[in-house]
Amino acid sequence: MARTILAVTLTVIIASTTHAAEADAKKAMIMLTHWQCYTWASMHDNTAAVERHFVAGLEAGNVFMDAAIAGMITPEEARANVPVMVSLTMQGPTKDFILGRLFESIQGDAYDEITAENEIGLPLNPADYITDDELIDVKARTRYDRANCTLL
């Protein structure tokens with residue numbers, strides 16, 4: 001009987017650890033999404049949303065990085081839940097350094113979606129980059145809304 005209880009207890013612990021690791025891996029996508037929304041909000045001067053998205057992205061990023069550094073995220077969980085952009089940018093001497101690189105990379109990509117890509121995501125010729133402040137504001141506001149950033 002004691003062996004049965006121990007086996008059931010270990011199964012529950014392993015299952016909850018696996019679920020927690022998967023949830024930690026999903027924090028990478030939450031971080032990425034919040035920092036994209038941060039960028040689009042900053043491009044149309046939504047200061048309340050800017051702070052909210054930055055802080056939420058940083059919190060999610062810290063949870064994700066702590067789990068990744070501790071080795072709690074398996075390669076399978078990473079492939080299933082961690083965006084490629086995040087995986088490719090996870091290099092550096094410290095957690096804060098890596099989070100800074102991630103923020104810079106995500107922000108640059110989100111900014112380029114507005115100013116350097118056409119409506120279907122193809123790159124524009126440099127001569128055609130969008131520089132008109134009003135058009136940038138409208139495109140950023142539209143992208144923020146279409147990405148459902150207000151729901152985060």
Side-chain angles (χ1 to χ4, degrees), residues 13-152:
I13 290 170
I14 290 168
S16 65
T17 302
T18 300
H19 178 68
E22 181 181 349
D24 290 343
K26 289 181 179 180
K27 293 287 186 180
M29 180 58 82
I30 293 168
M31 172 193 66
L32 179 133
T33 304
H34 272 293
W35 283 346
Q36 287 174 326
C37 292
Y38 161 90
T39 303
W40 300 320
S42 70
M43 293 173 81
H44 72 269
D45 297 325
N46 185 343
T47 53
V50 166
E51 182 176 349
R52 181 173 58 85
H53 289 301
F54 179 79
V55 170
L58 185 58
E59 288 171 356
N62 275 309
V63 171
F64 165 70
M65 288 299 301
D66 288 341
I69 290 168
M72 295 174 52
I73 300 172
T74 67
E76 294 80 22
E77 290 164 338
R79 279 191 295 276
N81 300 300
V82 178
V84 172
M85 174 188 285
V86 172
S87 296
L88 294 176
T89 311
M90 289 194 50
Q91 298 171 350
T94 66
K95 177 177 89 168
D96 290 338
F97 182 87
I98 295 168
L99 284 170
R101 288 190 69 216
L102 286 165
F103 176 74
E104 179 183 23
S105 180
I106 293 165
Q107 185 182 30
D109 187 65
Y111 186 85
D112 286 349
E113 281 186 35
I114 303 301
T115 62
E117 295 177 3
N118 66 17
E119 293 75 25
I120 59 172
L122 295 175
L124 296 170
N125 290 322
D128 297 329
Y129 284 3
I130 298 168
T131 58
D132 178 19
D133 290 339
E134 288 182 40
L135 183 54
I136 289 172
D137 180 79
V138 169
K139 286 186 72 171
R141 187 180 311 271
T142 301
R143 186 68 182 108
Y144 184 88
D145 292 342
R146 285 189 180 159
N148 292 316
C149 292
T150 56
L151 297 178
L152 295 176

Student: Is there side-chain contact between I30 and F64, with at least one heavy-atom pair below 4.5 Å?
Tutor: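 When only atoms from C-beta onward are counted, F64 and I30 do not touch, as no gap falls below 4.5 Å.
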Student: Can you tell me if N118 uses its side chain to pair, donor with acceptor, with the backbone of L122 under 3.5 Å?
Tutor: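 Checking the backbone N and O of L122 against the side chain of N118, a donor-acceptor pair under 3.5 Å is found.
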Student: What are the two closest heavy atoms between A140 and W40, and how far apart are they?
Tutor: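 Heavy-atom minimum between the residues: CB-O, 3.6 Å.
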Student: Heavy-atom distance under 4.5 Å between the side chains of M29 and N81, does that happen here?
Tutor: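 No, too far: nothing below the 4.5 Å cut-off.
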Student: Show the nearest heavy-atom pair for residues V82 and A25, with the distance to one decimal.
Tutor: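 The answer is CG2-O, 3.8 Å.
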Student: Which heavy-atom pair separates G61 from M31 by the least distance, and what is that distance?
Tutor: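 In this case the closest contact between G61 and M31 is CA-SD, 3.5 Å.
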Student: I'd like to know if D145 and R141 make a salt bridge, using a cut-off of under 4.0 Å between side-chain N and carboxylate O.
Tutor: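 Looking at R141 together with D145, the answer is no, because their closest N to O distance does not fall below 4.0 Å.
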Student: How far apart are the closest heavy atoms of C37 and L152, and which atoms are they?
Tutor: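 Smallest interatomic distance, heavy atoms only, reads SG-CD1, 3.8 Å.
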Student: How long is the gap from CE on M90 to CG on L99, to the nearest 0.5 Å?
Tutor: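 It is 8.5 Å, given to the nearest 0.5 Å.
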Student: With rounding to the nearest 0.5 angstrom, report the CZ to CG distance, R52 to N46.
Tutor: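 Between atom CZ of R52 and atom CG of N46 there are 8.0 Å.
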Student: Please say which of Y144, Y38, W35 ends up in a ring pair (Phe, Tyr, Trp, His ring centres under 6.0 Å) with H53.
Tutor: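 With H53 as partner, ring pair (Phe, Tyr, Trp, His ring centres under 6.0 Å) holds for just one option, Y144.
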Student: Let me confirm one number: the CG-NZ distance from D66 to K95, rounded to the nearest 0.5 Å.
Tutor: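 If we round to the nearest 0.5 Å, D66:CG and K95:NZ are 3.5 Å apart.
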Student: Give the minimum heavy-atom separation between A68 and I73, together with the two atoms involved.
Tutor: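 Where A68 meets I73 most closely, the heavy atoms are N-CD1, 3.9 Å.
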Student: Supply the atom-to-atom distance E117 CD to D128 CG, rounded to the nearest 0.5 angstrom.
Tutor: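 That separation rounds to 13.5 Å.
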Student: Please round to the nearest 0.5 Å and tell me the distance separating atom SG of C149 and atom CD of Q36.
Tutor: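 If I round to the nearest 0.5 Å, the distance is 7.5 Å.
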Student: Any heavy-atom pair between the side chains of E51 and F54 that's under 4.5 Å?
Tutor: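 No, side chains not in contact.
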Student: Rounded to the nearest 0.5 Å, what separation is found between the CE atom of M85 and the CG atom of L102?
Tutor: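 If I round to the nearest 0.5 Å, the distance is 9.5 Å.
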Student: Indicate whether the side chain of K27 and that of N62 have a donor and an acceptor atom separated by less than 3.5 Å.
Tutor: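 No.
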Student: Count the heavy atoms belonging to other residues, nucleotides or ligands that lie under 6.0 Å from CD of E76, then report whether that count exceeds 12.
Tutor: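 Yes, CD of E76 has more than 12 neighbouring heavy atoms, counting only those of other groups under 6.0 Å.
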Student: For the side chain to side chain contact (heavy atoms under 4.5 Å, CB included) test, which of D109, I114, T115 pairs with Y111?
Tutor: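 Per the side chain to side chain contact (heavy atoms under 4.5 Å, CB included) rule, the option paired with Y111 is T115, out of D109, I114, T115.
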